[in-house]
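Worksheet: the structure to be examined is printed underneath.
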Amino acid sequence: MPSITRDEVAHLARLARIELTEDELDHLAPQLEQIIGLVAQVSEVAAEDIPPTSHALPLTNVMREDVNVACLTPEQALSGAPAAEEQRFRVPRILSEEA
Amino acid sequence: MSDLTRKTAVELSELMSSGETSSVEITQAHLDRIGATDRAVHAFLHVDTEGALAQAADVDARRAAGDELGPLAGVPLALKDVLTQDGVPTTAGSKMLEGWKPPYDSTVVKRLKAAGIVILGKTNMDEFAMGSSTENSAYGTTHNPWDLDRIPGGSGGGSSAAISAYQAPLAIGTDTGGSIRQPAAFTGTVGVKPTYGGTSRYGLIALASSLDTPGPCARTTLDAALLHEAIAGYDPMDSTSINQPVPAVVEAARSGDVTGLRIGVVKELGGEGYQPGVEARFHEAVELLTKLGAEVVEVSCPHFQYALPAYYLILPSEASSNLAKFDAMRFGLRVGDDGLNDAEQVMRLTREAGFGPEVKRRIMLGTHALSSGYYDAYYGQAQKVRTLIARDFTQAYEQVDVLVSPSTPTTAFEIGARVDDPIAMYKNDLCTIPSNLAGNAAASFPIGLAEEDGLPVGFHVMAPVMRDDLCYLVGAALESAFADQWGGVLMSKAPELEVTR
């Protein structure tokens, strides 16, 4: 039976950039363990020689003519931004105090 | 209740064509109905009164000027809140996008507008379309108009509830693992998942890009077909759009002739875990199709039992990637930007505050499935199962034209009953998921009420890629035959909702 520990869930949360509370970790760890137990069934059937299918359709890249077309104005593009300044997205600082 | 809200889209269209009523009158009647009933149902997240009446007035003016209009021009529609509409709040049921107004129309919305269809507003849904009950919306649960203590299904519960509460004759949903068909089954309405790539995903807030499919919801098969035709077709803005003519869905919905149609009952989708009343209605419907001239045989699809685990690896993997864009930088919520936190901490705090429990659960499952050391064991294996399921379909379609099953193992369950049991919740989608993995067309049609609880049961039809018309053929045959028994569509048996102001 595959298992996932509370510490591993905390690690996944860090990878997924989600700050989880202690309560959420307590709640999520057993649920994820249960779900992983269910999904692990996929290993029962798929043999080595079965090719994987990543998509229902055969995909080909789609190219368009290299011509100018109308696009969003800066005002439209910034209209949903949490913060904007001088026609740009204003984002939180990247470097921490220690950097 | 205004008589106008009891009419089908086709009937409303005829009334407008004959000059007996106008789109403005029809739209106002539905807005009034929403105002009177939505406190109890909570189908809508945003009602665009002004915009809808302006669209309706425009259609009326064009009709008066003698313009040639489409068959659904002037008919109102409820739009799932996962599709962008220029200038209208779009949240995908999440706090993460609260107050966001997209600066562009999705292709589906563009086509609705081009067809003269009036958009009443945005409907409630499970957050980012993750769920089978519409209990995961950040804005509260939608209630099933057949029994307000029960869920309407998910994730498109708002769209189906709006139709079954007579708030709109038409709605748009999106189906990733059954989010159109499952709520249709639970609310006694028609819900169709077109062939993947048959309807455009441009402007659809993505959950799982290889599975998501927009589609029609309605109270009758013909209404659904007309809406299907209005939104389907090739879109150069979507690289997965199929460049082929739209299947003859309207013709099939008008015909309903199943003489000689070979129908396969999927052996693996029934039996243990299926509610007796659901199975009884299903077998009656199969018998009815036999009487109407269809040839019915049992067909085995042995890998369908692995569709659920494969889906719950593929979907979270794609979702964890798609939802990475909700990072507090360019749009949506931002939490912790007080100068004390760096960008990564702001992302973490924002995603903690903005995502609900189901979304967090699936993002972490996807992150786990795609992480180093687990990729081959989980995601890679799931993609192989997808191959096996597609092969099951191919082999089955060599024997029959369509496959059928109940749409859901049970009828609508009580609100809160499965909230803390994700596995039980996921099992709602047992019958619907295989056709998402293979990209097939599929649909749910109402076939009566389960004896034990008096709630609607859905009949699930699956058809090969770009043979969506076959689903409508079966749906129309059942609808026509049952209408004689019920005195109309199943919705005519729905209880009256208490009206509040």
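Order of the sequence lines sets the chain letters (A, B, ...), proteins ahead of strands, with each chain counted from 1.
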Query raised in the report: What part of A:Leu72 gets closer than 4.5 Å to chain B, counting heavy atoms only: side chain, backbone, both or neither?
Result: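 For A:Leu72, the side chain is the part near chain B, not the backbone.
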**Report entry** Region of A:Arg64 in contact with chain B, defined by heavy-atom distances below 4.5 Å
**Finding:**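 Contact with chain B involves no heavy atom of A:Arg64 at all.
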Segment of [X] engaging chain A (4.5 angstrom heavy-atom cut-off):
X	value
B:Leu211	neither
B:Tyr426	side chain
B:Phe326	neither
B:Leu340	backbone
B:Asp421	side chain
B:Ala328	backbone
B:Ala390	neither
B:Ser209	backbone
B:Ile423	side chain
B:Ser320	neither

If you look at every heavy atom in [X] and [Y], which pair is closest and at what distance?
X	Y	result
A:Pro92	B:Asn341	CB-O, 4.4 Å
A:Val9	B:Met364	O-SD, 3.9 Å
A:Phe89	B:Met329	CD2-O, 4.0 Å
A:Gln41	B:Pro309	OE1-CG, 3.9 Å
B:Ala377	A:Val42	O-CG2, 4.2 Å
A:Pro52	B:Gly380	CB-O, 4.4 Å

Only pairs of heavy atoms separated by less than 4.5 Å count here; which of [options] has the most with chain B?
options	result
A:Glu75, A:Glu44, A:Glu24	A:Glu24
A:Leu59, A:Leu32, A:Val45	A:Val45
A:Ala83, A:Gly80, A:Ala81, A:Pro82	A:Pro82
A:Thr73, A:Thr60, A:Leu28, A:Leu57	A:Leu57

Within this structure, what is the [atom1]-[atom2] distance for the pair [X] and [Y], rounded to the nearest 0.5 Å?
X	Y	atom1	atom2	result
B:Ser371	A:Glu8	OG	CD	9.0 Å
A:Ser54	B:Tyr379	OG	OH	6.0 Å
B:Gln381	A:Ile50	CD	CD1	10.0 Å
A:Thr53	B:Ile314	OG1	CD1	8.5 Å
B:Arg351	A:Leu20	CZ	CG	11.0 Å
A:His27	B:Asp420	NE2	CG	5.0 Å

For [X], is the [atom1] atom crowded, meaning more than 12 foreign heavy atoms sit under 6.0 Å from it?
X	atom1	answer
B:Lys427	NZ	no
B:Lys325	NZ	yes
A:His55	NE2	yes

Query raised in the report: Is the side chain of A:Arg17 donor-acceptor paired with the backbone N or O of B:Glu344 at a distance under 3.5 Å, no angle test?
Result: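 Not at all, since once roles are kept as given, no pair shorter than 3.5 Å links the two residues.
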Query - N/O donor-acceptor pair under 3.5 Å between B:Thr367 side chain and A:Leu12 backbone - result: no
Contact leader toward chain A among [options], where contacts are heavy-atom pairs under 4.5 Å:
options	result
B:Glu352, B:Lys360, B:His303, B:Arg391	B:Glu352
B:Gly332, B:Ala310, B:Gly336	B:Gly332
B:Arg361, B:Met347, B:Arg334	B:Arg334

